[in-house]
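Note sheet for the following structure.
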There are 2 protein chains.
Amino acid sequence: MNPTRPQALGSTTHNSPQGVSRMRRQSTAADGQRRATVTDVARQAGVSTATVSRVMNRNYPVAEATRARVEAAMRDLGYVVNAHARALAGASGRTVGIIVNELIDPFYAYIARGVEREAALGGRLCLVCCAQGDPQRELAFVELMHERRADAVIVVGGSVADRGYTSELARRARELDAGGSKLVLCGRPPLGEQAPTAAVEYDNEGGAFAITDHLLMQGHERILYLGGPPKLSTTRDRLAGHRRALELRGVTPDPELTQTGTFSRNFGYRRMTELLQDGPEFTAVFAANDIVAAGAAQALEEAGVRVPEDISLVGYDDIPVAQELRPRLTTVHVPLEEMGRQAVRLAVGGGDEDDWREPTAGALRLGTHIVVRDSVAPRSGRTARM
Amino acid sequence: MNPTRPQALGSTTHNSPQGVSRMRRQSTAADGQRRATVTDVARQAGVSTATVSRVMNRNYPVAEATRARVEAAMRDLGYVVNAHARALAGASGRTVGIIVNELIDPFYAYIARGVEREAALGGRLCLVCCAQGDPQRELAFVELMHERRADAVIVVGGSVADRGYTSELARRARELDAGGSKLVLCGRPPLGEQAPTAAVEYDNEGGAFAITDHLLMQGHERILYLGGPPKLSTTRDRLAGHRRALELRGVTPDPELTQTGTFSRNFGYRRMTELLQDGPEFTAVFAANDIVAAGAAQALEEAGVRVPEDISLVGYDDIPVAQELRPRLTTVHVPLEEMGRQAVRLAVGGGDEDDWREPTAGALRLGTHIVVRDSVAPRSGRTARM
DNA sequence: TTGAAAGCGCTAACAC
DNA sequence: GTGTTAGCGCTTTCAA
């Protein structure tokens with residue numbers, strides 16, 4: 001815990017205006033090298049630090065000859081500007097933060113990609129963290145990113161409507177806002193009126209409605225909803241759309257047919273296996289997402305149940321695995337990458353640096369649509385467990 | 001490269017040529033709020049800034065009552081420490097940078113996950129960038145991360161042995177090193193003696209050797225090597241292992257059977273389709289990675305060629321898709337996540353803050369092994385295009 | 001076109 | 001235990 005700064009050899013400390021001959025921040029290896037600073041560059045080029053700064057930022061006229069000398073000096077010294085100093089001195093840190101559950105989950109990876117690309121267009125770098133589904137971790141990361149003065153902090157994915165958590169996040173949102181940053185909710189519900197956030201949503205409920213209706217149109221009425229943490233907003237919305245479709249067609253939802261759990265492949269596999277042996281009857285499965293669908297597909301396969309002849313299967317998200325499964329999975333497409341892009345645009349405006357133009361509105365909702373592939377067929381006479 | 005602010009990442013040059021100045025980074029909305037600083041907290045709590053600092057850092061005794069007052073003040077003011085100021089004042093920025101080709105590629109995503117997790121253990125945040133296979137972009141990102149004074153900059157994935165590029169990267173490595181940071185090469189060859197880097201490799205050649213041998217043992221001799229950028233170190237190593245195995249069994253490599261290209265699914269699909277119609281004969285396919293294998297599998301499927309009965313197929317990397325393909329793909333396992341973890345450990349030492357102990361050695365190589373699943377069978381009488 | 005100098009917010013000697 | 005104070009490296013008035 002002791003960030004001791006290897007201090008100064010007192011003798012040289014005070015002499016010339018540029019008295020700088022000490023060393024700090026040594027690498028563990030013996031090096032002795034100190035990083036070059038503007039002052040070094042200025043001295044070497046025989047100009048003032050102000051001029052060096054102007055050369056770097058190209059925001060003020062500098063004589064060609066001077067510029068050349070300065071640039072040569074920078075090269076000679078291996079000078080690399082210190083972003084911390086620059087940020088401290090007033091400039092933006094040119095950083096956006098993004099917090100996802102899990103980087104290896106394509107749902108998040110695609111959104112992260114959108115964020116990264118859009119950020120890069122604006123010359124910004126991305127801080128990315130994985131909260132692993134833990135709200136406390138998420139909150140801690142928001143704080144860490146605030147400390148870094150990120151231009152925007154984007155939290156991705158569904159959330160649980162916990163009282164304490166929500167108000168805590170709202171507080172962070174206010175603090176960020178007060179400092180000129182923005183908290184962006186990506187794929188989750190708003191925090192409430194008093195929280196200054198931006199938001200990018202997608203029509204989650206609508207997608208679930210559409211794909212359920214697709215199933216209903218094929219004659220399926222006993223549809224198993226499988227997976228997804230029951231308290232997560234994502235699950236709730238999907239379930240809501242699912243039920244709305246059911247009710248619209250006069251099908252009464254059977255509680256036994258709602259088997260929530262997690263978003264994992266493993267859950268899909270295990271629960272499906274159990275249900276096939278000893279569960280309610282159904283002719284179609286609506287997996288909470290494509291990953292769960294992959295697990296379910298394996299269970300079905302192992303049980304000798306044919307998809308879609310015996311049972312139809314659909315997923316959600318339309319991540320790449322949907323195209324690798326056999327039969328190829330019918331699912332709901334979500335504009336993941338675009339969500340990521342919009343999230344940063346919402347918070348920091350278009351690519352260019354000095355965005356006088358107001359960033360996009362404060363919230364937007366992108367559409368979803370179903371992608372019909374090969375995993376759905378008209379209902380046959382059979383049901384699971386025949 | 002111009003030591004000036006390396007833009008290049010975005011489409012537009014930020015820094016408009018003319019005065020950007022004015023207006024110190026306020027939020028676009030009218031806020032007027034200034035962020036609280038240590039000084040504010042100190043005043044509010046009736047103590048000095050030093051005390052506030054001590055309370056925050058818990059690195060020096062502070063009276064309970066004082067601490068309480070300070071903490072209350074921080075809370076009241078919504079104080080959030082400024083990491084830039086802190087870093088400037090001497091502390092480490094507690095950041096590690098990682099540069100990958102593509103976040104949605106599981107190969108990189110797993111490594112990134114390892115990096116993120118290990119970094120988080122040490123209380124560090126990750127800057128992540130996607131170079132998209134462009135060496136210039138990569139170089140620019142290294143620079144940007146250096147500006148941010150990342151404790152380590154990890155570049156992931158194969159590289160092409162370009163003269164200029166290599167020396168440029170080596171230069172950056174030296175600059176980073178001089179400042180106490182480390183450039184870590186993850187899954188790529190060293191830069192040469194004069195470059196102070198750390199490195200995490202995996203036994204790429206060995207894995208290719210092993211899986212080729214596996215194919216040979218099943219009687220396959222005409223093995224098609226499919227995909228991967230021909231100049232990339234990754235491809236070269238895999239091909240080297242492949243050929244070594246061939247030669248060891250007395251099989252003369254047929255140039256026609258080496259069809260390099262890219263690492264994409266699409267390439268696998270298209271080239272495979274072409275080859276099936278009009279190419280050399282072969283009884284097995286060694287896809288450069290699992291993604292290419294997925295594409296090849298689809299081509300095979302559409303051509304009515306059975307795997308593994310008619311043709312055997314193997315991949316490389318052992319990413320999740322390998323388990324979704326039917327038949328499940330035999331492939332080479334690479335300890336991706338572990339590579340990421342080791343990369344940060346190598347550069348910044350174990351989790352704890354003041355790592356006086358020297359980080360792990362300067363380079364290490366992790367093992368690979370084949371994972372036998374269902375996509376390989378003994379050679380049948382048939383060959384492709386019978 | 002250039003220079004001098006005042007900070008930005010924080011940490012860490014060094015007093016007291 | 002706590003306060004004073006001198007920077008850390010850069011940007012940006014304000015003068016020249």
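Residue numbers begin at 1 in each chain, while the letters A, B, ... track the order of the sequences. The analysis underlying the following values was restricted to heavy atoms, covering all of them including side chains, and did not include hydrogens, waters or symmetry mates.
Axis deviation across the helix from C:dT1-D:dA16 to C:dC16-D:dG1 amounts to 30°, comparing end segments of five pairs, rounded to 10 degrees.
Applying the side-chain contact (heavy atoms from CB on, under 4.5 Å) test between B:Val142 and each of B:Glu168, B:Arg172, B:Glu175, B:Arg137 identifies B:Arg172 as the sole match.
At C:dC8, none of the side-chain N or O atoms of B:Asn82 fall inside 4.0 Å of OP1 or OP2 (strictly under the cut-off). Residue B:Thr37 places none of its side-chain N or O atoms closer than 4.0 Å to OP1 or OP2 of C:dC8.
Summarising the geometry, the separation between CG on A:Leu88 and P on D:dG7 is reported as 17 Å, rounded to the nearest angstrom. Between the CG atom of A:Leu77 and the P atom of D:dG9 there is a distance of 13 Å, rounded to whole Å. Rounded to an integer number of Å, the gap from CZ of B:Arg149 to C1' of D:dG9 is 9 Å. A straight line from CZ of B:Arg54 to P of C:dA12 spans 11 Å, rounded to a whole angstrom. Distance NE2 (A:His84) to P (C:dG7): 24 Å, rounded to an integer number of Å. Rounding to whole angstrom units, CG of residue A:Asn59 and P of D:dT12 are separated by 7 Å. If you take CZ of B:Arg35 and P of C:dC8, they are 15 Å apart, rounded to a whole angstrom. Look at CG on A:Asn57: it is 17 Å from P on D:dG9, rounded to the nearest Å.
Taking B:His146 as the reference, nothing meets the ring-ring contact (aromatic ring centres under 6.0 Å, His included) condition, with sequence neighbours excluded. The side-chain hydrogen bond (donor to acceptor under 3.5 Å, both in side chains) search around A:Glu138 returns A:Tyr165, A:Arg188, not counting sequence neighbours. For A:Arg341, the salt bridge (Lys or Arg N to Asp or Glu O under 4.0 Å) partners at least two apart in sequence or on another chain are A:Glu118, A:Glu337. The salt bridge (Lys or Arg N to Asp or Glu O under 4.0 Å) check on A:Glu147 picks up nothing, with sequence neighbours excluded. By the side chain to side chain contact (heavy atoms under 4.5 Å, CB included) test, A:Gln136 is found to be paired with A:Asp134, A:Leu139, residues two or more places apart in sequence or in another chain being considered.
Among pairs with a residue in residues 71-86 of chain B, those fulfilling salt bridge (charged side-chain N to carboxylate O under 4.0 Å, His left out) read B:Arg58-B:Glu71, B:Arg67-B:Glu71, at least two apart in sequence or across chains.
In this structure, the nucleotide among D:dC10, C:dC10, C:dT2 sitting nearest to the side chain of A:Tyr60 is C:dT2. Proximity note for B:Val38 (side chain, C-beta onward) versus D:dG9, D:dT11, C:dC10: the nearest is C:dC10.
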List, one per line, each side-chain donor-acceptor pair under 3.5 Å for residues 46-56 of chain A, sequence neighbours excluded.
from    : atom 1 : to      : atom 2 : distance (Å)
A:Ser48 : OG     : A:Ala50 : N      : 3.4
A:Ser48 : OG     : A:Thr51 : N      : 3.4
A:Ser48 : OG     : A:Thr51 : OG1    : 3.4
A:Ser53 : OG     : A:Asn57 : ND2    : 3.3

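Using modelled atom types and a 3.5 Å distance limit, the side chains of A:Arg124 and A:Ser92 yield no donor-acceptor pair.
Of all the residues in residues 43-52 of chain B, B:Gly46, B:Val47, B:Ser48, B:Thr49, B:Ala50, B:Thr51 reach under 4.0 Å from DNA chain D with at least one non-hydrogen atom.
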